[in-house]
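For reference, the structure is listed below as structure tokens.
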Amino acid sequence: MSSSTTNTTTISTAGPPSRRNTELAMLVFAVIIPVFAYANAGLALSDEMPSGMLSYGLGLGLLAGVGHLVVRKFAPYADPLLLPIATLLNGLGLVLIWRLDQSRRLADRAEAVDQVFSPSAPNQLIYSALGVALFVGVLILLKDHRLLQRYTYISMVAALILLILPVFFPARFGARIWITIGGFSIQPGEFAKIIIAVFFSGYLMVKRDALALASRRFMGLYLPRGRDLGPILVVWGMSILILVFETDLGTSLLFFGLFVVMLYVATERTSWIVFGLLMSAVGAVGVASFEPHVQQRVDAWLDPFAAFKTGGSDQIAQALMAFGSGGVFGTGLGQGNSDLIGFAANSDFILATVGEELGLAGTMGVLLLYGLIVERGVRTALAARDPFGKLLAIGLSAAFAIQVFVVAGGVMGLIPLTGMTMPFIASGGSSVIANWALVAILIKVSDTARRPAPAPAPTTDAEMTQVVRP
Amino acid sequence: MNKPLRRIAIFCGLLVFALLLRDNWIQYVQADELKDHTKNRRVLIARYSQPRGNIIVDGQPITGSAETNGTDFKYKRTYKNGPMWAPVTGYASQAYDANQIEKIEDGILTGNDDRLFFNRTIDMITGKKQKGGDVITTLNGKAQEAAFKGLGNKKGAVAALDPRTGKILALASTPSYDPSTIAGGSTKDEKAWNALKPTNDKDDPMLNRALRQTYPPGSTFKVVTAAAALENGKYDDIDGPTESPLPWRLPLSTQNLPNEGNIPCKDASLRQALRYSCNTVFGKLGDDLGKDKMREQAEKFGFNKTVDTPVRAYASVYPEDMDRPGNAMSAIGQFDNRATPLQMAMVAAAVANDGKLMKPYMVDSLRAPNLNTVEQTDPEQMSQPLSSENAQKLQSMMETVVKEGTGTSAQIPGVTVGGKTGTAQHGVANSKNPYAWFISYAKGNDGSPVAVAVVIEGSDTLRGDIAGGKLAAPIAKSVMQAVLETERDK
């Protein structure tokens with residue numbers, strides 16, 4: 001398929017439908033489904049409708065409604081699927097977190113180590129509201145995504161600061177990815193993900209010709225000039241440093257993957273992919289061989305059940321057993337025992353609760369919802385008319401896809417586990433707020449991409465058509 | 001830029017596709033394996049999420065379920081008279097899995113068995129909680145009590161069978177333990193469990209001696225040797241002389257085989273030899289028959305084979321490779337042959353049942369929660385160790401033992417009782433207290449309703465006094481009386 005035919009399917013010049021009503025209809029479902037899920041979980045856990053049901057339904061409805069109205073006003077041609085999917089995932093996440101809040105096992109577990117077990121769902125609701133507020137803010141304040149291009153180098157500095165900051169804060173659970181101020185902690189990596197995509201887009205848009213054309217051909221590959229290798233080496237070095245000093249495999253993988261993808265799209269040179277894969281292989285093997293934290297993760301991945309013998313963390317084994325026990329249709333919300341996972345059951349491992357209680361069917365549904373967000377993002381990149389918008393949209397979509405793959409793959413034992421959160425579903429303020437911002441930017445780019453081009457000069461064909469009409 | 005974009009789209013699609021594949025792998029292909037994994041606590045959680053079905057003796061449950069306030073487990077197993085019934089029930093523990101009937105019939109007891117699928121479906125539709133079925137045993141409460149009380153604080157075991165069917169009537173082992181103390185998952189249960197470990201309690205209370213401990217059978221094995229002699233036509237007339245010299249020298253040896261005291265064993269008839277328990281006569285007999293014929297006879301009685309009752313009884317042993325003196329010593333139960341109490345009860349039962357050995361079993365039927373029978377065990381003949389004619393001859397011999405031989409303390413007024421005592425030496429140079437054995441059967445109006453084997457390990461009674469007749473026979477007697485009483489009340 002040529003690019004021109006794709007463009008006509010996504011943007012047609014003759015008064016395209018804005019699709020806002022489609023979005024509204026789907027938003028209704030995106031609110032109703034989690035409300036039913038909430039009722040379902042409540043009935044299963046305590047034989048009665050959860051008391052907060054009305055306020056939860058109204059709250060979620062209000063967030064979705066505000067989001068929709070703002071999109072209608074400030075991004076009328078935006079992709080109609082992004083907002084409903086994000087709302088649905090966020091709503092389901094709230095139900096799952098609330099359901100795990102009711103777990104006596106998790107409460108006992110916290111008590112056993114002298115911690116206060118506090119429910120996470122109310123906080124998560126506040127974070128979701130903040131996330132939607134940021135979403136609204138981005139849509140209103142960011143008149144055009146191309147404005148971000150001005151902040152290319154400021155973004156670079158901001159991203160570096162956000163990535164380096166956690167080194168100065170104490171490690172939590174074996175990784176330095178948090179900034180703790182007072183009782184409050186932020187995962188800057190989640191925000192850095194967006195900011196760094198802005199930087200890469202701006203930088204690559206300017207440099208792509210140099211990177212693409214000034215190269216030599218060797219064994220069928222275009223080899224970049226030595227000095228053009230600079231940026232990729234810097235990013236690679238950064239990733240390795242994150243891995244070593246913050247012991248954060250996930251973030252490291254995400255940034256490097258994101259950079260390679262964007263470099264490839266900008267230059268259209270396959271050689272970058274080959275270089276990227278080579279460099280990440282070298283980096284991963286190198287770090288894994290001397291970094292015990294990474295080594296443990298790999299061992300736990302290779303034999304999850306060994307932990308029962310050696311006394312290590314049994315989380316992956318517990319997650320796998322949760323998935324297996326769910327089977328095809330799951331136990332039903334509130335009726336599983338995924339809380340046996342214990343630590344991080346409602347954050348990194350929340351997909352295991354989906355697996356056990358909603359089964360293979362539910363998990364595939366959730367994975368496909370993530371897949372749809374990515375698909376809409378890629379489609380936006382294809383439709384975007386400016387290179388900066390293309391790069392930004394593909395960067396954000398790829399970052400989202402890589403993150404979902406890294407977390408879900410880790411929890412399901414497909415790849416070694418890395419500490420990252422499931423976007424929208426997992427408990428955690430930084431994650432949900434940052435992902436709402438990410439969706440807001442994608443919506444903004446898609447609005448620009450689908451907006452009809454400024455009135456074309458009437459053609460003779462058009463005039464003839466008008467004559468024929470009565 | 002659209003070409004690389006499409007490729008990246010494909011790449012992202014592949015990532016999602018890989019996740020979907022993996023999800024299908026763990027939630028469909030491997031689901032059952034992960035679901036039933038030994039480390040999957042959900043298996044235990046399900047097991048204790050509803051009251052467990054019961055194990056029934058004489059129409060009364062000997063187990064129960066108590067509601068607890070634990071996080072994971074709603075119910076806990078309880079036992080009535082736990083130490084007495086432990087060799088039958090085994091234990092079901094929240095922390096330490098389960099064993100014996102509790103383990104083997106777990107599917108019925110929890111209600112997860114495939115045969116209860118229909119019940120479960122009905123319960124699900126009507127909104128009722130899943131219920132477990134019951135296991136109805138063949139045991140006789142009175143006989144069990146007689147056995148357990150008779151053993152008292154001595155170390156030993158009792159196995160009693162109904163020779164006509166193979167039903168296990170009593171199965172006692174002492175010292176015992178109370179499975180209730182390890183049924184939970186608390187630190188108290190953990191302490192109790194650790195204290196029961198053989199490393200901490202050298203009496204090993206959790207060992208089921210009636211089924212899973214083999215002892216040298218001592219003189220009780222002479223019944224097997226006598227059966228071999230009759231079956232192989234070595235002697236026809238149990239009252240004719242056996243042409244046995246006294247003293248009799250062990251083959252290939254410079255040693256004489258001694259008798260216990262000065263008893264009339266020269267040329268004694270089989271009846272007299274069994275009555276006085278002549279080592280010389282039976283030692284020579286075993287040597288004359290040879291090891292293969294001896295082993296064949298022992299195997300017909302069930303030696304060298306495990307028996308699933310359905311709780312597995314360990315195999316009693318008559319070794320294949322023995323030299324002549326070893327075989328001769330084995331013929332009097334004093335060498336490498338070893339037997340479980342259940343095995344020796346099977347020997348007595350086969351003789352009492354006119355030569356037919358019935359397969360021992362202790363689960364009579366499995367009952368669904370709605371009281372329908374799910375499975376019924378039918379009596380099954382295991383083998384015919386001796387002809388009915390020879391069996392009757394052997395009965396007559398064993399009855400003489402009780403009437404006027406070493407087993408007089410097992411006499412029951414008005415009842416025909418046959419038996420055989422045994423005193424097995426063990427330890428280096430017989431340094432340890434010997435094992436006292438007694439096997440017997442009693443006759444009723446319609447065949448023999450009970451055969452029993454009793455073994456008592458090294459008691460602190462004086463060595464000379466330990467002979468099976470004094471220690472073990474009274475226990476066998478009270479077990480037989482208990483069974484005869486219930487037979488009469490029927």
Side-chain angles (χ1 to χ4, degrees), chain A residues 1-3 6-7 104-105 107-108 208 261 264-270 273 305 308 314 317-318 320-328 330 336-337 340 355-356 359-360 363-364 367-368 370-371 374-375 377-379 381-382 387 390-391 394 397-398 400-402 404-405 408-409 412-414, chain B residues 1-50 68-74 94-95 97 112 120 124 127-130 185-187:
Chain A
M1 200 181 358
S2 76
S3 62
T6 315
N7 282 347
R104 210 181 124 195
R105 198 175 281 136
D108 286 355
R208 68 193 195 107
V261 164
Y264 170 62
V265 172
T267 61
E268 306 192 20
R269 286 278 178 266
T270 322
I273 300 271
F305 287 92
F308 290 109
D314 64 353
Q318 290 291 1
L320 288 177
M321 290 190 288
F323 277 109
S325 305
V328 175
N337 289 297
L340 283 169
E356 180 165 3
L360 175 62
T363 315
M364 294 222 292
L367 291 175
L368 286 173
Y370 283 122
V374 175
E375 191 264 345
V378 173
R379 191 167 274 254
L382 280 168
K390 276 184 184 301
L391 281 170
I394 195 67
S397 314
F400 194 85
I402 294 172
V404 168
F405 179 75
M412 295 198 289
L414 182 62
Chain B
M1 276 194 238
N2 282 348
K3 198 167 134 200
L5 277 180
R6 286 207 180 80
R7 290 200 178 139
I8 295 299
I10 291 168
F11 169 70
C12 290
L14 284 177
L15 288 185
V16 174
F17 185 65
L19 289 178
L20 292 177
L21 268 187
R22 174 67 183 177
D23 194 18
N24 275 274
W25 178 254
I26 57 175
Q27 296 210 264
Y28 183 74
V29 180
Q30 281 198 317
D32 286 340
E33 199 180 306
L34 289 165
K35 198 173 164 186
D36 302 327
H37 196 279
T38 48
K39 295 293 176 190
N40 196 339
R41 204 166 164 76
R42 289 166 189 81
V43 177
L44 276 178
I45 292 172
R47 182 183 285 164
Y48 293 107
S49 64
Q50 73 256 347
T68 65
N69 54 1
T71 318
D72 283 356
F73 307 124
K74 229 173 145 195
Q94 294 171 351
D97 199 14
N112 286 336
R120 278 201 303 275
M124 208 168 79
K128 273 190 263 172
K129 288 235 161 171
Q130 182 178 328
S186 68
T187 44

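Worth knowing before you read on, the calculation uses all heavy atoms, side chains too, and leaves out hydrogens, waters and symmetry mates. Labels below follow one simple rule: chain letters A, B, ... track the order of the sequence lines, proteins then strands, and each chain is numbered from 1.
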Fill in: Neighbour count above 12 (heavy atom, 6.0 Å) for B:Phe17 CZ
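For B:Phe17, atom CZ is not crowded (no more than 12 foreign heavy atoms under 6.0 Å).
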Worksheet item: Is chain A contacted by the side chain of B:Leu21, its backbone, both, or neither, given a heavy-atom distance below 4.5 Å?
Response: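 The answer is neither part of B:Leu21.
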Practice prompt. Identify which part of B:Asp36 has an atom lying under 4.5 Å from any heavy atom of chain A, answering side chain, backbone, both or neither.
Written response: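 Neither part.
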Discussion item. Between B:Ile26, B:Val16, B:Leu19, B:Leu34, who has the most heavy-atom pairs with chain A when the cutoff is under 4.5 Å?
Written reply: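 Winner by heavy-atom pair count: B:Leu19.
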Discussion item. I need the residue from B:Asp32, B:Leu20, B:Asn40 with the largest number of non-hydrogen atom pairs under 4.5 Å to chain A.
Written reply: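 The candidate making the most pairs under 4.5 Å is B:Asn40.
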Could you check whether any side-chain N or O of [X] sits under 3.5 Å from a backbone N or O of [Y], counting only pairs where one atom can act as donor and the other as acceptor?
X	Y	answer
B:Arg120	B:Asn112	yes
B:Arg42	A:Asn337	yes
B:Gln27	A:Gly326	no
A:Lys390	A:Leu382	yes

When heavy-atom pairs shorter than 4.5 Å are enumerated against chain B, which of [options] gives the highest number?
options	value
A:Gly409, A:Gly330, A:Gly327, A:Ala398	A:Gly327
A:Leu414, A:Val328, A:Val404	A:Leu414
A:Thr363, A:Ile394, A:Leu391	A:Thr363
A:Leu320, A:Asp108, A:Val378, A:Val265	A:Val265

Checking heavy atoms, do the side chain of [X], its backbone, both or neither come under 4.5 Å from chain B?
X	answer
A:Leu340	side chain
A:Phe400	neither
A:Ala107	neither
A:Val374	side chain

Worksheet item: Hey, what's the ring geometry for B:Tyr48 with B:Phe73, parallel, tilted or perpendicular (30° and 60° as the breaks)?
Response: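 Perpendicular, since the angle between the ring planes exceeds 60°.
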Item to complete: Would you mind reporting whether B:Arg22 and A:Phe323 have side-chain heavy atoms less than 4.5 Å apart?
Response: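 When only atoms from C-beta onward are counted, B:Arg22 and A:Phe323 do not touch, as no gap falls below 4.5 Å.
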Item to complete: With side chain to side chain contact (heavy atoms under 4.5 Å, CB included) as the test, would you mind laying out the steps for B:Asp72 and A:Arg105 before giving the verdict?
Response: CA-CA 8 Å; B:Asp72 283 356; A:Arg105 198 175 281 136; 2.5 Å; yes
